[in-house]
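Source: prediction; values computed, not measured. What you see below is based on every heavy atom in this structure, not just the backbone, and it leaves out hydrogens, waters and symmetry mates.
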Amino acid sequence: MNVFSHPEFDNHEHVSFFCDPKTGLKAIIAVHNTSRGPALGGCRMFPYATDEEALRDVLRLSRGMTYKSALANLDLGGGKSVIIGDPRKFKTEELMEAMGRFIEQLNGLYIAAEDSGTSVADLQIMGRNTKHVAGIASHPGFDGKPSNGDPSPATAYGTFVGLKAAVKHKLGITDLTGLKVAIQGIGNVGYRLARHLHEAGAQLWVYDIHQDQMDRAVEEFGAIPVSADDILSLPVDVIAPCALGAVLNDQSIPKIQAKVIAGAANNQLEHPYHDEVLMNQGILYTPDFVINAGGIIDVFHERTDHDADKVRAHVESIGETLEEIFTRSDRDQRPTGVIANELAEERFEHISAQKEQATHQFAKAG
Ligand code: NAD
């Protein structure tokens, strides 16, 4: 298995492998870039078929976190960890404690948060052996209400802010009354996004694989339930993918009638080139890793200050970042995802250069 020459390696600063035979823990921590600060990212537990699959996932996700944090203007770098194994079969308290010890060995270079296969409770168990875990403390959320560490409310609010920015840019609409929005996935984020949109006067169409999730949106928000096949191709203004990745692909894109895509799901584009396909079809794609950053912003503030107004203002800055991306995209006639990556690189490379200069001056002064 190659590491330095791995196609996803992308100059990672640090990759470590951990094995604890007593608990069966096999884990990898990848730290992509710490120029803006310590690397914060989720700890995923998944039954990877091979070690190579686990390495690929952790490298790809860790790099993504560098870009996400930079675009959210956070003093954080990008990192991620994976535990190899089926969480429903192999997750034990001892294994999570061992993961905590592993994280502690990195001395704060990496800070773990919840991800698929791990819960706030698991992070709390890891926290017995390390303080470098995030998203576990109760604190006032962005809306001033008590939060138990769940990032979903902030993610949903950030997605709402981003959707408004996209609609304003593409359709010139600032009043959402009567705006037609189709939401795919009415889970933790999708449900809350639906509530924000309903309160702003939007008309909703929904689909979720779980009937009870749809029923709730129908009852509470007067949403119209539709089928899996229809949700992305309805004649609406906006589609908001809030379920799973790779939903924007060669099959779905030609059928999309909405002019704006703005949802929280991670990795919505099946392939990077789909960004350009959407642009050529006259559809404004809101890059997922920009619009769904509310959660990481919330987690960051949980560790630094607990000021609800600051968190809210920070989450709202997602709208300004998106406006900058949309404007550059129009100006250069290049896809929004490509522009978002470039803007992130500007933000973390700029800080690196500043730090290097400061170190150089410090050395000279000595
Ligand atoms: P969730 O599991 O609470 O909700 C997902 C919903 O999608 C569920 O109701 C599920 O039944 C539904 N679903 C699954 N497959 C579907 C399908 N094929 N079609 C329609 N619905 C389907 O997850 P969440 O926390 O709401 O996250 C939603 C998305 O946003 C995920 O892609 C997640 O990675 C991303 N995201 C979430 C956060 C956060 O703070 N929760 C932060 C960043 C990104």
Side-chain angles (χ1 to χ4, degrees), residues 36-42 65 68-78 108 111-115 118-124 127 131-168 174-176 183 186-202 220-221 240 242 262-266 286 288-324 347:
R36 292 186 69 94
L40 190 145
M65 290 307 296
K68 183 171 193 159
S69 289
L71 281 171
N73 277 321
L74 292 167
D75 293 334
L76 290 174
I111 302 165
E114 148 191 28
D115 205 282
T118 61
S119 64
V120 170
D122 297 326
L123 270 288
Q124 283 167 340
K131 62 176 189 296
H132 305 298
V133 287
I136 57 168
S138 45
H139 63 289
F142 75 95
D143 49 6
K145 294 181 190 155
S147 159
N148 62 358
D150 175 6
S152 307
T155 303
Y157 181 58
T159 305
F160 175 61
V161 168
L163 185 151
K164 282 197 295 183
V167 162
K168 183 176 173 201
T174 49
D175 177 358
L176 303 196
I183 307 178
I186 310 293
N188 284 319
V189 178
Y191 169 73
R192 291 179 170 92
L193 173 66
R195 189 168 52 209
H196 286 300
L197 287 164
H198 174 66
E199 285 168 1
E220 294 182 25
F221 313 132
C242 293
N266 277 315
T286 309
D288 46 26
F289 61 103
V290 187
I291 194 170
N292 71 17
I296 193 168
I297 292 172
D298 187 51
V299 167
F300 173 80
H301 284 277
E302 175 202 303
R303 291 180 67 82
T304 49
D305 52 60
H306 291 193
D307 183 335
D309 289 341
K310 271 195 193 165
V311 186
R312 191 180 179 89
H314 201 153
V315 172
E316 286 173 355
S317 73
I318 289 174
E320 285 136 45
T321 299
L322 283 171
E323 180 49 35
E324 186 171 350
R347 290 185 180 178

Handout entry: Residues which pass side-chain contact (heavy atoms from CB on, under 4.5 Å) with His198, listed by chain and number, not counting sequence neighbours
Key = Leu204, Phe221
Handout entry: Side chains of Leu74 and His314 in contact at under 4.5 Å (non-hydrogen atoms)
Key = yes
Practice task
Please examine the side chains of Leu163 and Thr286, heavy atoms only from C-beta on, and report whether any two atoms are closer than 4.5 Å.
Solution key: no
Practice task
Just jot down the side chain to side chain donor-acceptor pair (under 3.5 Å) partners of Asn188, sequence neighbours excluded, or say none.
Solution key: none
Practice task
Taking all non-hydrogen atoms of both residues into account, name the closest pair between Ile111 and Ala134 and its distance.
Solution key: CG2-CB, 3.9 Å
Fill in the blank from the handout: Nearest heavy-atom contact between Ala240 and Leu193 is CB-CD2, 4.0 Å
Handout entry: Main-chain N/O of Thr155 paired to Thr159 side chain as donor or acceptor, under 3.5 Å
Key = yes
Practice task
Taking salt bridge (Lys or Arg N to Asp or Glu O under 4.0 Å) as the test, write out the residues that go with Asp298, two or more places apart.
Solution key: none
Practice task
Using the test side chain to side chain donor-acceptor pair (under 3.5 Å), find all partners of Asn266 that sit at least two apart in sequence or belong to another chain.
Solution key: Asn292
Handout entry: Heavy-atom pair of closest approach, residues Ala112 and Leu123
Key = O-CD1, 3.6 Å
Problem - Non-neighbouring partners of Asp288 that pass side chain to side chain donor-acceptor pair (under 3.5 Å), sequence neighbours left out - result: Tyr285
Handout entry: Any donor-acceptor N/O pair, Arg303 side chain to Gly135 backbone, under 3.5 Å
Key = no
Exercise for the section: For Lys164, check side-chain contact (heavy atoms from CB on, under 4.5 Å) against everything at least two apart and list the hits. Expected result: Phe160, Leu176
Practice task
Decide yes or no for Leu40 and Phe300: does some side-chain heavy atom of the first lie under 4.5 Å from some side-chain heavy atom of the second?
Solution key: no
Problem - All salt bridge (Lys or Arg N to Asp or Glu O under 4.0 Å) counterparts of Glu324, not counting sequence neighbours - result: Arg328, Arg347
Practice task
List the steps and the verdict of side-chain contact (heavy atoms from CB on, under 4.5 Å) for Ile296 and Met65.
Solution key: CA-CA 10 Å; Ile296 193 168; Met65 290 307 296; 3.2 Å; yes
Fill in the blank from the handout: By side-chain contact (heavy atoms from CB on, under 4.5 Å), Ala39 pairs with (sequence neighbours left out) Val31, Thr34
Exercise for the section: Decide yes or no for Asn73 and Arg36: does some side-chain heavy atom of the first lie under 4.5 Å from some side-chain heavy atom of the second? Expected result: yes
Fill in the blank from the handout: Across all chains, not counting sequence neighbours, the side chain to side chain donor-acceptor pair (under 3.5 Å) partners of Glu220 are Tyr191
Handout entry: Side-chain donor-acceptor contact under 3.5 Å, Ser119 with Asp122
Key = yes
Practice task
Quick one: closest heavy-atom pair of Ala264 and Cys242, and the distance?
Solution key: N-SG, 3.6 Å
Problem - Smallest separation among heavy atoms of Ile291 and Gly263, with atom names - result: CG2-O, 3.2 Å
Handout entry: side-chain contact (heavy atoms from CB on, under 4.5 Å) partners of Glu199, counting only residues at least two apart
Key = Arg195
Exercise for the section: Give every residue pair that meets the salt bridge (charged side-chain N to carboxylate O under 4.0 Å, His left out) criterion with at least one member in residues 308-322, sequence neighbours excluded. Expected result: Asp305-Lys310, Arg312-Glu316
Practice task
Using a 4.5 Å cut-off on heavy atoms from C-beta on, say whether the side chain of Ile297 contacts that of Ile318.
Solution key: yes
Problem - Closest approach of Leu76 to Ser69 (non-hydrogen atoms, all atoms of both residues) - result: O-CB, 3.6 Å
